[in-house]
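Report on the following structure.
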Amino acid sequence: MNIKIRAFGRYKDLMGKSEIKIKLKKGKTIWDVIDLLTEKYPILEKEKRFIIVSRNHTYASLETKLQDGDVITIFPPIVSGG
Amino acid sequence: MDIDRYKKQILVKEFSKNGQDILLQTHVVIIGAGGIGSNSSVILTRMGVGQIELIDDDVVDVTNLHRTSIFNENDVGKPKSKILEKKLGKINSDIRIVGYKKKVTRKNIEKIIRNADIVLDGTDNMQTRFLINDACIKNNIPWVYAGVRETIGMTMGIIPNKTPCLRCISNIIPSRSDPHGVAVLGNLPIVTASIQSIEAIKILLGKQPYGLIIYDLWRQHFEQIDLKKKPYCICCSRKKFEFLQRNPGDSSK
């Protein structure tokens with residue numbers, strides 16, 4: 001499957017570009033994408049469980065199965081300050 | 001009442017005289033009067049919300065001053081809710097503004113929001129937000145989440161039985177963080193309060209809120225995520241109000 005990963009805000013700085021394209025085997029989930037990103041950018045390890053993800057611009061849980069051509073956007077965790 | 005003071009916003013076709021009439025009849029409860037809550041209260045006072053109740057148990061701290069538009073150095077050490085009641089009353093004397101210096105708990109929240117048409121989140125921790133979520137879903141009252149950290153702001157309008165709730169997008173119960181330790185850029189709560197206020201006004205006017213709105217003010221990056229109700233959401237689907245029953249990880253009485 002061809003998957004496009006878009007990054008929001010500081011994740012864009014982290015990846016050095018606003019989007020990257022990856023190839024994944026069928027049946028993979030958003031969790032697998034997050035794991036791949038964490039391997040490449042270990043700084044994500046601490047917050048990876050909390051990252052907000054959209055699939056094709058709609059909120060998606062980390063267990064969501066991916067489809068060929070999906071656009072995944074990663075956002076920082078819910079913010080709690082006031 | 002001098003309706004002329006609202007003339008410029010009545011000219012906005014999305015808002016109009018009808019919007020103003022609705023706003024003047026509206027009762028808003030703002031929980032928390034820090035960076036977001038104080039700025040939202042200023043905006044809604046100026047725009048002509050008929051009744052505003054502000055709930056906060058804290059006093060103005062010198063570390064609040066960089067991100068609010070209404071507190072000043074003379075207010076440090078004084079109760080935020082009472083200072084706002086006094087100052088907002090001078091901005092708009094036609095509306096009713098009451099500040100309560102009290103802590104919101106699972107035992108008093110339903111009474112606090114009982115007469116509200118909408119509740120605005122001005123808190124600084126997720127436990128209280130989940131408590132607001134439980135109470136508003138249970139009592140069928142819309143509310144608007146708003147949070148900030150560093151350069152990032154988020155808002156989400158929630159209409160019970162229509163839109164997803166906060167638990168639909170966040171099921172992880174976080175530990176209580178120290179609000180004094182949270183980094184926040186000074187103008188971020190002002191932008192966030194503006195977005196929160198407009199989402200609240202749209203809901204009051206019968207419009208749909210815009211899902212989860214996320215922005216990075218430093219990088220001028222704004223996005224909106226469409227949301228879907230989570231099947232079997234513990235709160236809005238199964239109607240299990242964990243935070244009203246027992247505040248997980250917290251000792252609120």
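Quick note on labels: first sequence line is chain A, next is B, and so on, each numbered from 1.
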Exercise. Should A/Lys12 and B/Asp216 be marked as a side chain to side chain contact (heavy atoms under 4.5 Å, CB included) after you check the CA-CA gap, both sets of side-chain angles, and the distance that decides it?
Worked result: CA-CA 11 Å; A/Lys12 193 169 142 185; B/Asp216 185 321; over 6 Å; no
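Here the CZ-CZ distance, from B/Arg219 to A/Arg10, works out to 8.0 Å after rounding to the nearest 0.5 Å.
Among residues two or more places apart in sequence or in another chain, the ring-ring contact (aromatic ring centres under 6.0 Å, His included) test is passed with A/Phe8 by A/Phe75, B/His221. Partners of B/Asn133 according to the side chain to side chain donor-acceptor pair (under 3.5 Å) rule, which considers only residues two or more places apart in sequence or in another chain, are B/Trp143.
Annotation: side chain of A/Val79 is in contact with side chain of B/Tyr145 (closest heavy-atom distance under 4.5 Å). A/Ile78 has its side chain within reach of B/Ile169: a pair of non-hydrogen atoms, C-beta onward, lies under 4.5 Å apart. The shortest distance between side-chain heavy atoms of A/His57 and B/Ile225 does not fall below 4.5 Å.
In this structure, the side chain of B/Arg149 does not engage the main chain of A/Ser80 through any donor-acceptor pair within 3.5 Å.
Residue B/Tyr215 touches chain A through its backbone alone, counting heavy-atom pairs closer than 4.5 Å. Using a 4.5 Å cut-off between heavy atoms, B/Leu212 touches chain A through its side chain atoms alone. Interface remark: B/Gln220 contributes no atoms to any contact with chain A (heavy atom separation under 4.5 Å).
When each of A/Asn56, A/Thr73, A/Asp13 is scored by its heavy-atom pairs under 4.5 Å with chain B, the top score falls to A/Asp13. In terms of non-hydrogen atom pairs under 4.5 Å with chain A, the most contact-rich of B/Val184, B/Asp121, B/Val148, B/Asn39 is B/Val148. Most heavy-atom pairs under 4.5 Å with chain A, from the set B/Lys228, B/Gln224, B/Glu223: that is B/Glu223. Most heavy-atom pairs under 4.5 Å with chain A: of the set B/Thr123, B/Ile214, B/Leu227, B/Ile36, this distinction falls to B/Ile214.
Residues in residues 59-82 of chain A take part in these salt bridge (Lys or Arg N to Asp or Glu O under 4.0 Å) pairs, two or more places apart or across chains: A/Arg55-A/Asp70.
Of residues 16-47 of chain A, not one residue has a non-hydrogen atom less than 4.5 Å from any non-hydrogen atom of chain B.
Taking every heavy atom of both residues into account, B/Ile152 and A/Pro76 meet most closely at CD1-CG, 3.3 Å.
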